[in-house]
Amino acid sequence: MAAEGNPLPHDTQLRPPAVAAHTPVANAGVKIHCQGVSAFYGDKQALHDISIDIPDRAVTAFIGPSGCGKSTFLRCINRMNDTIPGARVTGRIEIDGEDVNARSVDPVVLRSRVGMVFQKPNPFPKSIFENVAYGPRIHGLANGKAELEAIVEASLKKAGLWDEVSDRLHQSGSSLSGGQQQRLVIARAIAVQPRVILMDEPCSALDPIATARIEELIDELRRQYCIVIVTHSMAQAARVSQRTAFFHLGQLVEQGSTEDIFTNPREKRTQDYITGRFG
Amino acid sequence: MTDARNLPSRDLSEKRLKQRHAAEARFKLYGQLAIVIALGFLVVLLARVVQQGYTVFWTHSITTSVYLDPARIDRADLEGNNFDYLAAQNLLKRLKVQDDALGLASGEAMDLVSRDLGYRILGAIKDDPKVIGTTLTFTVPVKANADLYYKGEIERSTPETDRKLSNRQLDWLDRLEAEGLVRSHFNSDFFTNSDSTEPEQAGVLGAVVGSALMLLVAAFIAVPVGVLAAVWLEEFAPRGRLSGFIEVNINNLAAVPSIVYGLLGLVLFINWLGFPRSAPLTGGLVLALMSLPTIIIATRAALKAVPPSIREAALGMGASRTQTVFHHVLPQAAPGVMTGIILSLAHALGETAPLLMIGMVAFTPGLPESLASAASVLPVQVFIWENAAEAAFHERTAGAIIVLLVFMILMNATAVILRRRFEKRW
Ligand SMILES: Nc1ncnc2c1ncn2[C@@H]1O[C@H](COP(=O)(O)OP(=O)(O)OP(=O)(O)O)[C@@H](O)[C@H]1O
Ligand SMILES: [Mg+2]
């Protein structure tokens, strides 16, 4: 009963650059194309046959009850599951038409193109500057110190953190508040100029004010990046995303424009989850 | 749970609370008791060692003039002259004691001054033969037994036959002291000399240098091998039956008695590979083998303690696994790794049994010239001196133990300092 047979929801006009979500591969607007993705942890199947197209320059929200496989799916996209012993992924995932699981793809390069922000802010135990400079440094994106400093500054500005930290770049990254740390790791992710940013519950540990700042930031970033965000907050999904996908028990139950999912879900399970009747 | 209306259950919970408090107090008491016992043992140990060994840090020297009588010095065979005897006769003359026909008194006087005096006279003549016929003044250590008398460890009240020094000798020593010829001072010879057959000339320098060289060899081999093995096992090795097997065996190796490593070293390095016996190189290799399992275990524990979120962050940034480990995980684990390394090397420093197996018990005067030449090391030096017949060596045993302990305290202090430095929280 997964998305496999489901026709993609009726055509939706997204607010940002229009995306015809049902058009299959090679559409200019589709950034990530997933076809029949299943994931296993040892013998246990965590994802069943997920097919979804994720548009560029838009925010796609993954919602669903705990343990339904949202994080697992996110990790399939940048092959972070490779690092878990016993984890296995089948099916096809393409970014810009390129199979991420192809032999020719180096996961190290892939992950530099697909940035990830984790549920818990995890700055490196180094200075703020070093946190942001690390990616450009290992990927050789900067020629010399001046360029590196420019990248760090631009990334921190984009992440809306520059004003707060510009005078203490060489202090510890973990001396920042939780919300600042989350923006720091976002700055770190965008410093390598990824094409896609995956965010796994980026606001789960934050207060409403910090959350609002991150959401503003996501809205800002959406003009340039393809963003996927996992969230447990229906309100957040409704606020920041243009498209929403609902997962349940390892299956993709329903996907469509955020407006449709929230106002007019087609599946009873989606309706129940959104209205808080289970979860 | 605590229903106010339900009296019996409330009683019960109050009773339980009391029990919990009592248990807590009891446990605290046991803990404090354990600390007191441990500290007690430590104090007894240290007090005993210090009480026995502190006297070695000061010693007595005598200043004596020797008339180099041309009639009694054979210029053709300088080495053949008995300058000690000559000096002893001078000493007696100074004390206005008439020597007997057999020269017994001179013989006894000779036993009061270090044999170093004879070598010093010989050296002076070799430097400049013109000194023959003049009177030279030398300051040299007194002989170990005389030193013990000045320190009060040989007493006049002991019957003469049970004593190392005769009544006559004690009288002379008293008079020399009264005349201000004897001076008590810091025993720097103990730190600048190596082992010697004469207790008053035996020092720890050779053993300290030997220990340091051996430790360097051990660290040079065990640290990189141990840390890299741990990194591979912890971060790269596929989890499977093989890695489980390796893990169990490393834990077993850490528990193997050190003497077995000595035996292994004897067979492997000396008998098969032809390494020199009694050399810091061979000893260092044996200690490296012995420290490896401990270093691996400590390093793995430190790596395990690094939160996985840091690994995820680095991998998520597109760092390779090697970069993740060397840029983030290992620096984060560094304090733990360092502590493990230093503690295991400090342990190796005090190891005696395996070194006895590879022949490090040899008497080695002088400093080791190379890693492959014979050397003595501190713990073995302690062992050798403790087994020596002369009482004066026993004082040195305790002195060497103190030096060994100070060496270890310095190493552990380094561990603490390194830890503080690297633990600079980010
Ligand atoms: N490393 C792992 N090893 C084994 N099973 C795992 C692992 N990670 C996740 N799982 C299992 O896979 C399923 C999906 O987990 P996942 O983390 O993707 O859920 P999630 O939707 O992100 O949940 P949450 O909202 O609580 O974060 C769960 O049943 C979980 O137990
Ligand atoms: Mg999750």
Side-chain angles (χ1 to χ4, degrees), chain A residues 42 71 74-75 77-86 106-128 130-141 170-176 181 184-185 188-194 197-200, chain B residues 227 230-248 299-339 418-426:
Chain A
S71 298
L74 216 55
R75 299 163 65 96
I77 298 174
N78 69 348
R79 288 183 58 181
M80 277 298 273
N81 283 330
D82 290 13
T83 64
I84 299 175
D106 182 352
V108 164
V109 176
L110 172 69
R111 289 182 203 133
S112 75
R113 308 243 170 92
V114 184
M116 188 155 195
V117 175
F118 295 84
Q119 178 166 352
K120 233 179 79 198
N122 55 355
F124 296 128
K126 296 181 192 294
S127 73
I128 294 172
E130 283 303 318
N131 261 281
V132 184
Y134 183 67
R137 204 173 262 156
I138 58 170
H139 296 298
L141 300 182
H170 295 285
Q171 279 178 27
S172 155
S174 39
S175 70
L176 298 173
Q181 285 187 21
L184 176 63
V185 299
R188 183 176 73 186
I190 57 187
V192 291
Q193 293 162 344
I197 301 179
L198 309 172
M199 300 189 177
D200 196 348
Chain B
V227 170
V231 164
W232 188 79
L233 283 172
E234 196 57 39
E235 305 284 334
F236 295 95
R239 295 285 132 113
R241 219 174 289 162
L242 183 67
S243 72
F245 180 75
I246 292 176
E247 173 155 10
V248 167
T299 305
R300 288 189 70 179
L303 290 173
K304 262 199 194 97
V306 174
S309 67
I310 289 181
R311 274 171 260 245
E312 268 189 339
L315 290 171
M317 287 301 301
S320 67
R321 267 164 80 173
T322 315
Q323 285 173 326
T324 302
V325 169
F326 287 98
H327 294 169
H328 300 287
V329 180
L330 206 51
Q332 192 67 6
V337 174
M338 219 89 78
T339 312
L418 283 177
R419 202 185 169 108
R420 287 264 169 81
R421 257 186 80 95
F422 281 85
E423 226 170 28
K424 198 170 111 189
R425 272 281 146 224
W426 276 106

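Lettering of chains follows the sequences in order, A, B, ..., and the numbering in each one begins at 1.
Neither the backbone nor the side chain of A/Arg113 comes within contact range of chain B; no heavy atoms are under 4.5 Å apart. Neither the backbone nor the side chain of A/Val185 comes within contact range of chain B; no heavy atoms are under 4.5 Å apart.
Taken from CG in A/Asn131 to CG in A/Asn122, the straight-line distance is 9.0 Å, to the nearest 0.5 Å. In this structure, OG in B/Ser243 is found 7.5 Å from CH2 in B/Trp232, a value given to the nearest 0.5 Å.
Within the structure, salt bridge (charged side-chain N to carboxylate O under 4.0 Å, His left out) pairs that include any residue of residues 323-337 of chain B do not occur (at least two apart or interchain).
When the heavy atoms of residues 306-319 of chain B are compared with those of chain A, the residues falling under 4.5 Å are B/Ser309, B/Ile310, B/Glu312, B/Ala313, B/Ala314, B/Leu315, B/Gly316, B/Met317, B/Gly318, B/Ala319, listed by number.
A donor-acceptor contact shorter than 3.5 Å is absent between the side chain of A/Gln119 and the backbone of A/Asp200.
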- Given the rule in the side-chain contact (heavy atoms from CB on, under 4.5 Å) test, do B/Met338 and B/Arg419 qualify, once you have shown the distances and angles that lead to the verdict? CA-CA 7 Å; B/Met338 219 89 78; B/Arg419 202 185 169 108; over 6 Å; no
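With no hydrogens or angles considered, no side-chain donor-acceptor pair links A/Asn78 and A/Arg111 at under 3.5 Å.
Close placement of the B/His328 and A/Tyr134 rings is indicated, their centers lying within 6.0 Å of each other.
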